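Structure first, then comments.
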Protein chains: 2
Amino acid sequence: MSEKKRGRPRAFDAKVTLEKAREVFWDRGFAGTSLDTLSAATQLNRPSLYGAFGDKEDLYIDALEGYRAESMGVLADALDPSLPLRENLARVYQRALAIYLHGETAARGCFLIGTATAEAIQHERVREVLSRSLDDFDGEIEKRMKLAIERGELPDGSDPHTLARLASAVMHSLAVRARAGDSRETLEALAQSGVDMICGKA
Amino acid sequence: MSEKKRGRPRAFDAKVTLEKAREVFWDRGFAGTSLDTLSAATQLNRPSLYGAFGDKEDLYIDALEGYRAESMGVLADALDPSLPLRENLARVYQRALAIYLHGETAARGCFLIGTATAEAIQHERVREVLSRSLDDFDGEIEKRMKLAIERGELPDGSDPHTLARLASAVMHSLAVRARAGDSRETLEALAQSGVDMICGKA
DNA sequence: ATTATTTTATGCGAAACGGTACAAAATGAG
DNA sequence: CTCATTTTGTACCGTTTCGCATAAAATAAT
């Protein structure tokens, strides 16, 4: 895995650097972030940044991909099939909010929905990542819905595809509203409404 | 209303100019749009633009406000109380999609959710407009839900506040997914699911 | 006609932008 | 030790950015 390379070794951890870059992009968006800002945040000079990740768009795409991958991990964990569907959904929203409300200045919402959406028209690669991320999320939720139907956790005749997209819609709304500055209480209430909408009022 | 002013008259219509500027911001976002691009699109040189609207952020805020106002008009019209709730909601989503899918390159989604969300962290005024827009939309929908409950269009014990926010959530999802490139059919299916979720499966 | 007022057009200017050339530094290979 | 290789830091490149200074043009008031 880690063969020693020939030349001068890197003085930084690419993964850590990518996380720092993500923080900056998250707050400022892609177009609103300069290489100088990225350089300062990562404590790498521009040539090192360029050598390791390519140009600004490459770096942004990398950051998006990392976020997508992490998010899918969080989602899979929240959807632990040994728990009831209602609890699964509540966990999904709860963990999303923990991420969305983490911002220092104001809540940042979802990195993808909050920043990639804006670039999706002009940058096709960004749109591709965004689209794939939404689809992956939908797919994972839908799998859980199918399982719920098999187990009788949902009424007969329920359509897993439809339910998954409605559950995702609540997620998208949380993402936008968190970035618009809605309070934690407001967002938690919406999350609860989403759970009740899918699973029935408790 | 229109008293003749003293100096040299304007050679442009501010309202038309604002609409052209909005188109550019819609495709490229705030940070991704340069004054040169705006100048070319509006066929005004920068000083004229500056004199009429202020700096780039002022112009963007103006464009957002115009969109918000128009959207509320469209919403009020779609919610014509002489029609059943189910039809009202279907009209709301249908008209939203007509706007969201209007883009030339790719579908543009919602101007506010697609571009203002990205700037909401760094630009407080943008966040304020975004937040207010979401609230206004929620409020108008909630009013219609209350009416529906009075009329018996919804089950007893329905909570208009919750229903409004769920209906809005579907809207937010349409906004994001349109900009991510989802097909018209996919979006219309989600809209239909939203109507059924609120009003019951037909 | 003269003056005051407002808009238009050219063009400047300082700063920020993304990206890279180049040499020094740090490692492994031979 | 010497050389090839890779990363690092400085400095720079040409371009683009936003905003404005300035003067010409077009109108109303006097």
Side-chain angles (χ1 to χ4, degrees), chain A residues 1-18 20-25 27-64 115-116 118-119 122-126, chain B residues 1-18 20-22 24-25 27-64 115 118-119 122-126:
Chain A
M1 183 69 186
S2 65
E3 307 161 12
K4 284 186 180 174
K5 287 168 193 169
R6 281 263 266 158
R8 178 172 176 170
R10 279 188 180 160
F12 64 94
D13 179 343
K15 193 179 164 189
V16 172
T17 297
L18 204 52
K20 289 180 179 169
R22 181 208 289 177
E23 295 296 311
V24 179
F25 281 131
D27 277 346
R28 310 169 85 104
F30 169 72
T33 301
S34 71
L35 284 184
D36 280 335
T37 306
L38 288 166
S39 178
T42 59
Q43 291 175 322
L44 262 71
N45 28 36
R46 286 194 295 280
S48 294
L49 220 42
Y50 198 88
F53 301 101
D55 68 12
K56 190 176 125 177
E57 182 171 326
D58 292 331
L59 176 56
Y60 179 61
I61 297 272
D62 264 15
L64 288 179
T115 73
E119 310 296 333
Q122 298 289 316
H123 299 93
E124 191 160 349
R125 292 163 65 202
V126 175
Chain B
M1 183 68 187
S2 65
E3 308 162 13
K4 282 185 180 173
K5 288 169 193 170
R6 279 265 266 164
R8 177 173 176 171
R10 277 190 181 159
F12 63 94
D13 179 343
K15 193 179 163 189
V16 172
T17 298
L18 203 54
K20 288 180 181 168
R22 180 208 290 177
V24 178
F25 281 132
D27 277 346
R28 311 168 84 104
F30 169 73
T33 300
S34 72
L35 284 184
D36 280 335
T37 306
L38 289 166
S39 178
T42 59
Q43 291 175 321
L44 263 72
N45 30 38
R46 286 193 297 281
S48 294
L49 221 42
Y50 198 86
F53 301 100
D55 69 11
K56 190 175 123 177
E57 182 171 326
D58 292 331
L59 177 56
Y60 180 61
I61 298 271
D62 263 15
L64 288 179
T115 73
E119 310 296 333
Q122 297 289 314
H123 299 92
E124 190 160 349
R125 293 164 64 202
V126 175

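A, B, ... follow the sequence lines: proteins, then strands. Residue 1 opens every chain. Everything numeric in this text was worked out from a predicted model, so none of it was measured.
The residues A:Arg22 and A:Asp62 are annotated as not salt-bridged, no charged nitrogen and carboxylate oxygen being separated by less than 4.0 angstrom. Checked for salt-bridge contact, A:Lys20 and A:Asp13 miss the test: no charged N lies under 4.0 Å from a carboxylate O.
Under the rule for a ring pair (Phe, Tyr, Trp, His ring centres under 6.0 Å), the partners of A:Phe25 that lie at least two apart in sequence or sit in another chain are A:Tyr60. Scored by the side chain to side chain contact (heavy atoms under 4.5 Å, CB included) test, A:Arg8 finds no partners at all (sequence neighbours excluded).
Set against D:dA29, D:dA4, C:dT8, the side chain of B:Arg6 has D:dA29 as its closest nucleotide. Minimum atom distance to the side chain of B:Ser48 is reached by C:dT8, of the listed C:dT8, D:dG9, D:dT7.
Rounded to an integer number of Å, the gap from CG of B:Leu38 to C1' of D:dC18 is 12 Å. Note: CZ (A:Arg10) to P (C:dA26) measures 18 Å, nearest angstrom. When rounded to the nearest whole Å, the span between CZ of A:Phe53 and P of D:dT7 equals 12 Å. One can place CG of B:Asp58 at 13 Å from C1' of D:dG19, the figure rounded to the nearest angstrom.
For the pair B:Thr42 (side chain) and B:Leu38 (backbone), a donor-acceptor distance under 3.5 Å is present. Formation of a donor-acceptor pair under 3.5 Å by the B:Asp55 side chain with backbone atoms of B:Glu57 is found in this model.
In this structure, A:Ala52 reaches neither bases nor backbone, as no heavy-atom distance under 4.0 Å exists between it and the strands shown.
Dashed line: the shortest gap from a side-chain N or O of B:Asn45 to OP1 or OP2 of C:dT8 is not under 4.0 Å. In this structure, B:Tyr50 does not reach the D:dC18 phosphate: none of its side-chain N or O atoms is under 4.0 Å from OP1 or OP2.
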Return a single string for nucleotides 13-18 of chain C, one symbol per nucleotide in 5' to 3' order, where B is base contact, S is sugar-phosphate-only contact and - is none, cutoff 4.0 angstrom on heavy atoms.
----SS
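Heavy-atom distances to DNA chain D give each of B:Pro9 and B:Glu57 a nearest nucleotide, and the one nearer the 5′ end belongs to B:Glu57.
Side-chain N/O atoms of B:Arg8 and base N/O atoms of D:dA25 include a donor-acceptor pair closer than 3.5 Å.
Applying the 6.0 Å contact sphere to CD of A:Gln43 captures no more than 12 heavy atoms from other residues, nucleotides or ligands.
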